[in-house]
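Structure first, then comments.
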Amino acid sequence: MRWSKTFIPTMKENPSDAEIPSHQLMLRAGLIRQLMAGAYTYLPLGWRSVRKAEAIVRDEMERAGAIELFMPALQPIDLFEKTGRKAAFGKVLINFQVQRGDRLVHLALGPTHEEVVTDLMGRHLNSYRQLPICVFQIQTKFRNEERPRFGVLRTSEFLMKDAYSFGTSLEQLNEVYDRMYHAYCRIFTRCGLKYLPVEAESGPIGGDASHEFMVPANNGEDRIVHCPKCSYAANLERADTGRKPASIALAPNAAALETVSTPNATSIEQVSRMLKCAPAQMIKTLIYLADGRAMAVLIRGDHEANEAKVRRALKAGTLQLADEKTIRQVTDAPVGFAGPVGIKCPILADHDVPAIVNAVTGANQADAHFTGVNAGRDYKLETTYDLRMAQAGDPCPKCQGTLELVHGIEVGHVFKLGTKYSVALGAEYLDEKEQRHPLIMGCYGIGVNRIVASLAETCFDEDGLIWPLAIAPYEVLIIPLNVTDPETMVVAEKYYAELQAAGIDVLMDDRDARAGFKFKDADLIGIPLRVVIGGKGLKEGQVELRWRWDQTASKAPVDSAIATVKQMLADRKAEEIAKVPA
RNA sequence: CGGGGCGUAGCUCAGCUUGGCUAGAGCGUCUGGUUUGGGACCAGAAGGUCGCAGGUUCAAAUCCUGUCGCCCCGACCA
């Protein structure tokens, strides 16, 4: 492609409403333009990258045995009502009524396609002989994000690869799951992304039922912990800590239990300020309803409870924070003054709680707290549990290492669904004994445009983007410095034609502009291999070759430069492919 | 949905506190000339519903009310 014939609106300055690198660079390099909050046009350059990512995803999905199909973005709302997800999605589900003849049709724009695919496959998969099967599509998804943000990272409309597997057994499910997991590793490696597969909250099946693929990035909205010593990585909702149950013994320096007046101080922050004690000295007492029964959960004041862990520790089906009435019943006090001493419900404590000597807690009466609260004397515990969010510095649950906290961008998610949708939509098959069973499903998603955005977010320098060869909109950029010089243009045109003939994606900057101007644009859009043809070099019979990520350029004789370029590209591709897990 | 910020030329912003002349600058665009290996220089030109609506006033980019949009923090995110 010739620069003058395509559309690459680069910008020298950062638009004021872009704050993070990917957003700024994608705008400046002319990859995207915003239409409204959460909706972006992909300009020619950006779209080329998206399509390259898409091609890799498609290639690897097919390699892993998944079959491509294409489902409508428009979906009847009834399907979401049957699975209960109209309510579950709430306002996030874009849905509306349209007039059709004399009636109204209620439609949704698919936020994902579990309903549609389960409905489809349920109608046509009748026998265990047809299973397992895995289908996928690459489609635009719609979600009415409460708050779109981070440029192109979180939008209301986005390109997603979603795959769905159907099988007769957990073994079949696990087999596809592992294959998809492996395909994801190959995809993200081929795309040149540094990624981390992390354990994610797994829902109904439990165990190893869900992994997210994260790209570590400062601006990622997800927080994950990982252990640099072993491979353990998990998102914050899921992450276990390697802490052990605490010994529950009265400390020798335990002070006496005292009641102090704390009028209107109901939060950890207010009490710590009023009593001049550190939040870590306090015990947060959260009253939950676990399957309807009140339960006090004790967490150190500066920590954050993890409800999933609480639910698992209690083996409870449902868990929710208790209502005001329940809190009054078990504490005899208004909300904000709960404490373990004398509370009228069972107590569950985090590992770190008994270690607090002379803790501050609510006194279970209005406007009062206790000081000098000590485990084993003022409240009784049998043992302790891992009930809080993991944080940096916690011991690793798998080895002797120490957990680190990093932010990440979720680019992929694999999930063992089980029978939730097949049961709701009556998608069943007949087994060898002519018995009916719901299909056992898995779902596997990749944010295709997030792959591109993640690269923009993580691969750049002060001059602009630095694309990996596999995702770069063009592999080679030819820059004839002086387009009015016939000698330069003869060489440039020859290179351009030869590279195109060799099937290489080549862009030629044929604009009549100054050298510095073209170099700045070249750096900004980040094409991996730059070929500069200028008067100086030509006098010596040479052109200049430079990788975007290299500081220095190399020279090549005019006649053999194209062969060198082809060789450099081939070597680099081989290098990138060598990293892909077999 | 709570909190904060912003809306003036294609982009970045000044002007607003304390209302008053023809609403400015840099970059970009166009024309002519000089330049030509890291965002050139000179001369000239075009480009504005000051987000929108209403109000106050002799007079509103500026003050008031409402409204829309965008960004950020939080809540939310199968």
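So that the names make sense, note that chain A is the first sequence line, chain B the second, and so on, each numbered from 1.
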[atom1]-based separation of [M] from [N] [nearest Å]:
N      : M      : atom1 : value
A61(B) : A23(B) : P     : 10 Å
G39(B) : U18(B) : C1'   : 41 Å
G3(B)  : U62(B) : P     : 25 Å
G55(B) : U22(B) : P     : 24 Å
C11(B) : U57(B) : C1'   : 36 Å

Item to complete: Evaluate the side-chain proximity of M508(A) to E493(A): yes if any heavy-atom separation is below 4.5 Å, no if none is.
Response: yes

Fill in: Student check: side-chain heavy atoms of L499(A) and I478(A) closer than 4.5 Å
yes

Discussion item. For E115(A), is there an ion pair with K82(A) - N to carboxylate O distance below 4.0 angstrom?
Written reply: no

Worksheet item: Got a salt bridge between R154(A) and E146(A), using NZ or NE/NH1/NH2 to carboxylate O under 4.0 Å?
Response: no

Practice prompt. Return the set of residues passing ring pair (Phe, Tyr, Trp, His ring centres under 6.0 Å) with Y181(A) (not counting sequence neighbours), or none when no residue passes.
Written response: H211(A), F213(A)

Worksheet item: Got a sec, which residues hit ring pair (Phe, Tyr, Trp, His ring centres under 6.0 Å) with H437(A), two or more places apart in sequence or on another chain?
Response: Y429(A)

Response to the item:
Closest to the 5' end of RNA chain B, once I20(A) and R530(A) are matched to their nearest nucleotides, is R530(A)

Practice prompt. Between N482(A) and Y40(A), just flag the one whose closest nucleotide in RNA chain B comes earlier from the 5' side.
Written response: N482(A)

Practice prompt. Output yes when at least one side-chain N/O atom of R514(A) is less than 4.0 Å from OP1 or OP2 of A40(B), else no.
Written response: yes

Report, one pair per line, the protein and nucleotides 74-78 of chain B atoms (nitrogen or oxygen only) whose separation is under 3.5 Å.
{"from": "G74(B)", "atom 1": "N7", "to": "R147(A)", "atom 2": "NH1", "distance (Å)": "3.3"}
{"from": "A75(B)", "atom 1": "N6", "to": "R149(A)", "atom 2": "NH2", "distance (Å)": "3.3"}
{"from": "C76(B)", "atom 1": "N4", "to": "R149(A)", "atom 2": "NH2", "distance (Å)": "2.7"}
{"from": "C77(B)", "atom 1": "O2", "to": "R154(A)", "atom 2": "NH1", "distance (Å)": "3.0"}
{"from": "C77(B)", "atom 1": "O2", "to": "R154(A)", "atom 2": "NH2", "distance (Å)": "2.0"}
{"from": "A78(B)", "atom 1": "N7", "to": "R143(A)", "atom 2": "NH1", "distance (Å)": "2.9"}
{"from": "A78(B)", "atom 1": "N7", "to": "R143(A)", "atom 2": "NH2", "distance (Å)": "3.3"}
{"from": "A78(B)", "atom 1": "N6", "to": "R143(A)", "atom 2": "NH1", "distance (Å)": "3.0"}
{"from": "A78(B)", "atom 1": "N6", "to": "R143(A)", "atom 2": "NH2", "distance (Å)": "2.4"}

Discussion item. Classify R511(A) by what it touches in the nucleic acid, base, sugar-phosphate, or nothing, heavy-atom distance under 4.0 Å.
Written reply: nothing

Item to complete: Assign G90(A) to base, sugar-phosphate, or nothing according to its heavy-atom contacts below 4.0 angstrom with the strands shown.
Response: nothing

Worksheet item: Hey, would you say the Y40(A) and H23(A) ring centroids sit under 6.0 Å apart?
Response: yes

So which protein N/O to nucleotides 3-11 of chain B N/O distances come out below 3.5 Å?
{"from": "C11(B)", "atom 1": "O2", "to": "E13(A)", "atom 2": "OE1", "distance (Å)": "3.1"}

Discussion item. Is it true that, when you exclude R149(A) itself, more than 12 heavy atoms of the residues, nucleotides or ligands shown sit nearer than 6.0 Å to its CZ?
Written reply: yes

Grab the N/O contacts between the protein and nucleotides 66-70 of chain B below 3.5 Å, and write none if there aren't any.
{"from": "C70(B)", "atom 1": "OP1", "to": "A37(A)", "atom 2": "N", "distance (Å)": "2.9"}
{"from": "C70(B)", "atom 1": "O2'", "to": "D17(A)", "atom 2": "OD2", "distance (Å)": "3.0"}

Can I get a per-line list of side-chain donor-acceptor pairs under 3.5 Å for residues 521-533 of chain A, giving both atom names and the distance, sequence neighbours left out?
{"from": "D521(A)", "atom 1": "OD1", "to": "T10(A)", "atom 2": "OG1", "distance (Å)": "3.0"}
{"from": "D521(A)", "atom 1": "OD2", "to": "T10(A)", "atom 2": "OG1", "distance (Å)": "3.4"}
{"from": "D521(A)", "atom 1": "OD2", "to": "R511(A)", "atom 2": "NH1", "distance (Å)": "3.1"}
{"from": "D521(A)", "atom 1": "OD2", "to": "R511(A)", "atom 2": "NH2", "distance (Å)": "3.0"}
{"from": "R530(A)", "atom 1": "NH2", "to": "E544(A)", "atom 2": "OE2", "distance (Å)": "3.1"}

